[in-house]
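Notes follow the structure.
Just so we're clear, the structure is a prediction, and the values are computed from it rather than from any experiment. Note that ligands are numbered from 1 as they come in the structure, with each ligand's atoms numbered from 1 the same way.
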Amino acid sequence: MPNYTAPRGTQDVLPENQPYWRHVVRRAHHIAALYGFQQIDVPMFEETSLFVRGVGEGTDIVDNEMYSFEDKGGSELTLRPEFTAGLVRAYIEHGMHALPQPVKLYAIGPIFRYERPQAGRYRQHTQFNIEAFGEVDPALDAEIMEVARHLCADLGFGGLSFQVNSTGCPKCRPQYVSRLVDYYHQHEDAICEDCERRLVRNPLRVLDCKVATCQPIIAGASHIVDDLCEECAAHFGELQQYLRALGRAYTINHRLVRGLDYYQKTVFEVWSQDIGAQAAVFGGGRYDGLAELLGGPPTPGIGFGSGIERLILAMQAQEIEVPPLPKPRVLVATLGDEAKRVGVKLLSDMRTTDVGAVIAFGERSLRSQLREAGKQEVRYVVMIGQDELRDQVVTVRDMSTRDQYTVPPDELVAWLTERLAG
Ligand code: HAM
């Protein structure tokens, strides 16, 4: 056992997995831009109270999962357990309500939650997160879901289901919640301990319980969509009309309430059938009261977060290939000190002109250097030995055909550039 390993629930992304990361992140940037989202970066930590207020006391995230600490100056800080609160903070702080609305932003970066690690659930994961501020139109809700669908289609994986619900608003939700609590009180003997606690701290979350004995009780509960006020019902109805107009299949999931308190109206998740118990590759919804709660002007908002690790798991489960990353195409092999000095200069010229190249370091036989070229899968080996020094040329071997060419050193870069472009 090594002395140190990566902390529990974290992982190293090794070079062999980087092509997936590079590809998914590149496509996420591309698709965000297609839909008019602009990139923003926010700090990896914020004041703890931002998340306590924003995400909500009584949520798993705030109660159990935050990496919170006091810094040396006495500030109470928390490693971001999600993006939304930080992006709303940035929207308010930079006066973005004065810009034409909606303001559409996206961010990509690490998120920290002290969770019980398992496949697809980590203590540090990376989210692609989009938010649109300042617009209540349900066509925007449909657009946000389209970004999720588009990214999956672009990455090439299927087997997805779109789960949609409405969680109402402060006008209609309390009535549903009190009805739910009354109903649960009638079944108090049968519910799990967690649900007993949820009933007090966060009643809607009982609908999300996975314990077997709670399932019949959930099945008998009334549906929040049947208790929506006129405005929320109309919003949900219009969203569905847009989804149908787009020809998108979706399931109304009456149990979908999400684990963050700021949601109002639309909530949704995208589930993959291929990645095990942690099936949600996207999760999001509307949070029309959040900006005000955080001290800003009343500003509606909607967005989603998606775990890059889960997107990659889904792609790998479906054996989707990604483009390889660029690597050096040339190796410089030299024999003797003087040859190596010439080689080092040529290597520098190649790199300056964007030809990726490496040199075989150390004192090694030509055979060993060629073996290295084979391992590195370069296309050309530039060989410099006594004969080449004497004749003031280099010998270039094409590794795929084994053909050899004699090239003057000052023509080498142009010679390689032309052939590597073909
Ligand atoms: P969330 O559902 O907590 O929502 O996370 C969004 C997505 O991040 C999940 O669907 C999943 O793909 C990924 N994810 C979450 N936790 C983990 C984990 N421990 N390990 C691996 N992946 C994970 C939010 O965070 C909201 N802020 C999303 C949002 C944005 N809502 C509105 N705007």
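- When only interatomic distances are considered, the shortest N/O to N/O separation between P81 and ligand 1 does not fall below 3.5 Å.
- H30 and D154 are not linked by any side-chain donor-acceptor pair at a separation below 3.5 angstrom, with hydrogens and angles left out of the test.
- If you check which protein heavy atom lies closest to atom 4 (O) of ligand 1, you get R258 NH2, 2.9 Å.
- Per-residue contacts place G283 under 4.0 angstrom from the following atoms of ligand 1 (heavy atoms of the residue considered): 10 (O), 28 (C), 29 (C).
- Closest to atom 20 (N) of ligand 1, if we only count protein heavy atoms, is Y122 N, 3.0 Å.
- Side-chain contact, E131 with T84: a donor N or O sits under 3.5 Å from an acceptor N or O.
- When A107, G259, G303, G301 are ranked by how near their heavy atoms come to atom 32 (C) of ligand 1, first place goes to G303.
- Of the protein's non-hydrogen atoms, the one nearest atom 18 (C) of ligand 1 is H125 ND1, 3.4 Å.
- Ring planes of H254 and H223: parallel class, angle under 30° (limits at 30 and 60°).
- Atom 25 (O) of ligand 1 has R113 NH2, 3.0 Å as its closest protein atom, hydrogens excluded (heavy atom only).
- For atom 6 (C) of ligand 1, the closest non-hydrogen atom of the protein is G305 O, 3.3 Å.
- Remark: ligand 1 and Y287 share no N or O pair separated by less than 3.5 Å (distance only, no angle test).
- Looking at E115 next to ligand 1, an N or O pair under 3.5 Å apart turns up.
- Here's the thing with Y262: one of its N/O atoms is less than 3.5 angstrom from an N/O atom of ligand 1.
- Salt bridge status for R397 with D403: absent, with no side-chain N to carboxylate O gap under 4.0 Å.
- In terms of protein heavy atoms, atom 27 (N) of ligand 1 is closest to E82 OE1, 2.6 Å.
- Of all atoms in ligand 1, listed by their number and element, those nearer than 4.0 Å to a heavy atom of Y263 are 26 (C), 28 (C), 29 (C), 31 (N), 32 (C).
- Of all protein heavy atoms, the one closest to atom 21 (C) of ligand 1 is G120 O, 3.2 Å.
- The atoms of ligand 1 that sit less than 4.0 Å from any heavy atom of G284 are 31 (N).
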